[in-house]
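A short worksheet on the structure shown next.
Small disclaimer: the values here were computed from a predicted structure and weren't measured. Note that these values count all heavy atoms, side chains included, but never hydrogens, waters or copies made by symmetry. Indexing begins at 1, ligand by ligand and atom by atom, following the structure's order.
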Amino acid sequence: MNNTGELCGYIRGIIGAHHNLFPDYAFAEKKFEPGVTPIPVSGKIVGFYEIDHLIEAIFDFHWTDGSFTSRFESRLARAVGTRHAAMCNSGSSANFLAVAAVKEHLGWKDGDKIVTTVCGFPTTLNAILMNNLVPVFVDVELPYYNAEADVVIDAVAKHDAAGVFMAHTLGNPFDAPYIASHTVVIEDNCDALMSSIGQEMTGAIGIAATQSFYPAHNITTGEGGAVLTEIPALDKIIRSYRDWGRDCWCGTGCDNTCGKRFDWQFPDLPIGFDHKYVYSRIGGNMKSTDLNAAIGIAQLKRLDLFTSQRQENFDRIYGGLKDVGMEEYFILPEPTPHSRPSWFGFLLTIKDEAPFTRNAICRYLQSQNIATRNLFAGNLLMQPAYRGLDAPIFGSLEVSNKIMRDTFWIGCYPGINEEMCDYMVEIISNYAQAAARLKANPNELYCE
Ligand SMILES: Cc1ncc(COP(=O)(O)O)c(C=O)c1O
């Protein structure tokens, strides 16, 4: 065996022989047995593309961030329509880096306020807290699951906030273009890669945006994340915080990119102290690796297909539930006006008057092998980590409290096929109708 191509062929043979896995488009061909085949909410879809790229990166022997990472970064930036993308090791790290870098770039001070939703993923909020900023909480609205743009703008004005950091909930865009015309916006785009609003892609609207590539997300690199921005100076700060807080911007294994490695002068440092070892920020090591990036390069080739499959699955489930009258029991999710979401999942909120609870229906779905998830943490302020947090709340949190009680989501990711969509619709509607019949006639079950 004398080259990577031969090795890839050999490994393909082993995988194919032993696992019947990874045909290059794994899930579409999977046989579905209703009630037996599990329907997950999310998952990675990978094939030989990913294996080939990974093997190439292994035999490149670089293994930290290098040429695969640079290639992934530039292709990701191109896909979203931004100038820069800095890959890091998770969406949560990306959130931290984005807020730290924007804070420095815009001269925000400790204690400055940032508007965010109370209903969401914890590390959006944690990035604000860990950067010594103060969250101002706003509620979200149904059926969009995002904060209303005018409420956000009023909250910014009332609290003299420096900016806004929130997620496009489960892929559904918040009105970032409108909010960004009033204040600084950082987008948590972790769940919304390839969503758009108006003529703009989410992730390319705010001053910075973040992505996650954990397997549940639109594409995966195993673990991974990225921070996107248009602004070269901001990208440099993001990379500095990511790479130990160093001042030098040489890529791994490169020296003297600035052309004056031994000629810099910093207060208190010896004149000409090696720039590679000058630390101008208190940073960490949040880099990813070429192995992760290689998988990401392969995944990007599938991105358009993934996006259209998510959208098609969403439309099929939505149409199915509507056709069988499920709006009587559920608030069905709607795209934010003028948006085209790449849906992360299909959200359902049980109406107040429905004859069943969230736990009851989720338990039943689980018994039928249909996975469900809550909308992350629900009202974050009710979570143990944030009890007693001293932060302002703008308006009531009524909707987030309802979501905490009554909302769940099912999958619409590309591993779910049409049969699975139809089965989920059938099981949900059977359950809801049986519960309604039982409520109307409590003796019915005894008669059967
Ligand atoms: C909206 C949002 N932001 C951030 C994250 C964190 O991403 P990661 O798991 O890569 O840290 C997630 C994770 O699912 C998320 O949904």
Check ligand 1 against S90 and write out every atom of the ligand that is under 4.0 Å from a heavy-atom position of the residue.
10 (O), 11 (O)
I need the nearest protein heavy-atom contact for atom 3 (N) of ligand 1: residue, atom name and distance, please.
D188 OD2, 2.7 Å
Is any N or O atom of G91, backbone or side chain, closer than 3.5 Å to an N or O atom of ligand 1?
yes
Here the atoms of ligand 1 under 4.0 Å from any heavy atom belonging to F376 are 16 (O)
Salt bridge present between R239 and E73 (N-O < 4.0 angstrom)
yes
Taking the six-membered ring of Y49 as reference, does the NZ or CZ atom of K301 fall below 6.0 Å from its centre and within a 45° cone about the axis?
yes
Show your working on ring-ring contact (aromatic ring centres under 6.0 Å, His included) between H62 and F68 and close with a plain yes or no.
CA-CA 9 Å; H62 188 72; F68 287 84; 9.1 Å; no
Salt-bridge present (E104, R281; N to O < 4.0 Å):
yes
For atom 11 (O) of ligand 1, the protein heavy atom that lies nearest, with its residue and separation
S92 OG, 2.6 Å
Pick one: which of N131, D110, N132, D112 meets side-chain hydrogen bond (donor to acceptor under 3.5 Å, both in side chains) with K103?
D110
Where does C190 meet ligand 1, judged by heavy-atom distances below 4.0 Å: at the side chain, the backbone, both, or neither?
side chain
Under 3.5 Å, N or O to N or O, is T123 touching ligand 1 that way?
no
Only heavy atoms of N95, strictly under 4.0 Å: list the atoms of ligand 1 that pass.
3 (N), 4 (C)
Might you confirm whether atom OH of Y277 has over 12 heavy atoms from other residues, nucleotides or ligands at distances under 6.0 Å?
no
Plane angle bin for F213 and F72 - parallel if under 30°, tilted between 30 and 60°, otherwise perpendicular:
perpendicular
Basic-acidic side-chain contact under 4.0 Å: D235, R83:
no
Option of least heavy-atom distance to atom 14 (O) of ligand 1 (set: M166, H217, Q211)
H217
When you look for heavy atoms under 4.0 Å from ligand 1, do you find them on the side chain of T210, its backbone, both, or neither?
neither
Nitrogen or oxygen of E223 less than 3.5 angstrom from that of ligand 1:
no
